[in-house]
Amino acid sequence: MSEKKMSQSRKNHLKSLLLQIGKSMLEEEAQEAEKEKRKYMEENCPTLSIPQSTQELQELCHQLYKQIDLVDEERYDMEIKVKKCNKEIDDLKIKVQDLNGRFKKPALKRVRMSAEAMLAALLGSKHKVSLDLRANLKQVKKEVKEEEKQTGDWRKNVEDKAGMDGRKKMFETEAVGF
């Protein structure tokens, strides 16, 4: 079953109606917000009457100071609540990522730090670690082979190198013939 398509003029008409309705709703919300603001100001901020004497002026200053303290306390409490909620949201996001198995690697910043400074930062200033890698290596001494020690004429060791007596004799007879 094919659905009938709406004509372009009908679409434009409906779109303009939706925009008009949205505009009127935004205006109503703005008026309600203005009414709430006025109501709040009337409740919390009474009309200011400027006193004539210095004593009355000092009392007014003390009252305003107390109100400022209360507002600052409320603001501080709200900030703490917001920070706590943001931390909980971040923790929950991490848990969701763990459950999904998808991890986003954070962008790491390149830090220029020596290995000793990095270990000191990780272990704290109490532990002093020297990063002398050569000190921990095993010392290996070269063993000098006996053959290398005997650096002499090869002809002196012919008996050792000849192996079989018959070959030694052949070698001697050939040497005598020349």
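Nothing fancy with the numbering, it's 1 onward along the sequence.
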Margin query: Quick one, Q52 and L57 - any side-chain contact, counting heavy atoms below 4.5 Å?
Written below: no
Note to self: Quick check for you: to the nearest 0.5 Å, what is the distance between L99 atom CG and L92 atom CG?
What the structure shows: 10.5 Å
Notebook entry, point to check: How long is the gap from NZ on K39 to CD on E32, to the nearest 0.5 Å?
Noted result: 12.0 Å
Next item on the list: Give, for atom SG of C85 and atom CD1 of I80, the distance between the pair rounded to the nearest 0.5 Å.
Entry: 11.5 Å
Checklist line | Rounded distance (nearest 0.5 Å) linking atom CG of L17 with atom NE2 of H13 | finding: 4.0 Å
Check: Between atom CD of Q31 and atom CD of E29, what is the distance when rounded to the nearest 0.5 Å?
Finding: 11.0 Å
Item checked: Test item: N86 and K83 side chains (from C-beta on) under 4.5 Å apart, heavy atoms -> no
Check: Could you state the interatomic distance from NE2 (H62) to OH (Y65), rounded to the nearest 0.5 Å?
Finding: 10.5 Å
Next item on the list: Could you go through the side-chain contact (heavy atoms from CB on, under 4.5 Å) check for N100 and Q97 one step at a time?
Entry: CA-CA 5 Å; N100 288 341; Q97 286 178 351; 5.8 Å; no
Next item on the list: Begin with the C-alpha distance, continue with both residues' side-chain angles, and end with the deciding distance and a verdict on salt bridge (Lys or Arg N to Asp or Glu O under 4.0 Å) for K87 and D91.
Entry: CA-CA 6 Å; K87 188 176 185 310; D91 291 342; 3.6 Å; yes
Margin query: Tell me which pairs pass side-chain hydrogen bond (donor to acceptor under 3.5 Å, both in side chains) where either residue lies in residues 72-82, with sequence neighbours left out.
Written below: R75-E79
Check: If you look at every heavy atom in K11 and M6, which pair is closest and at what distance?
Finding: CE-O, 3.9 Å
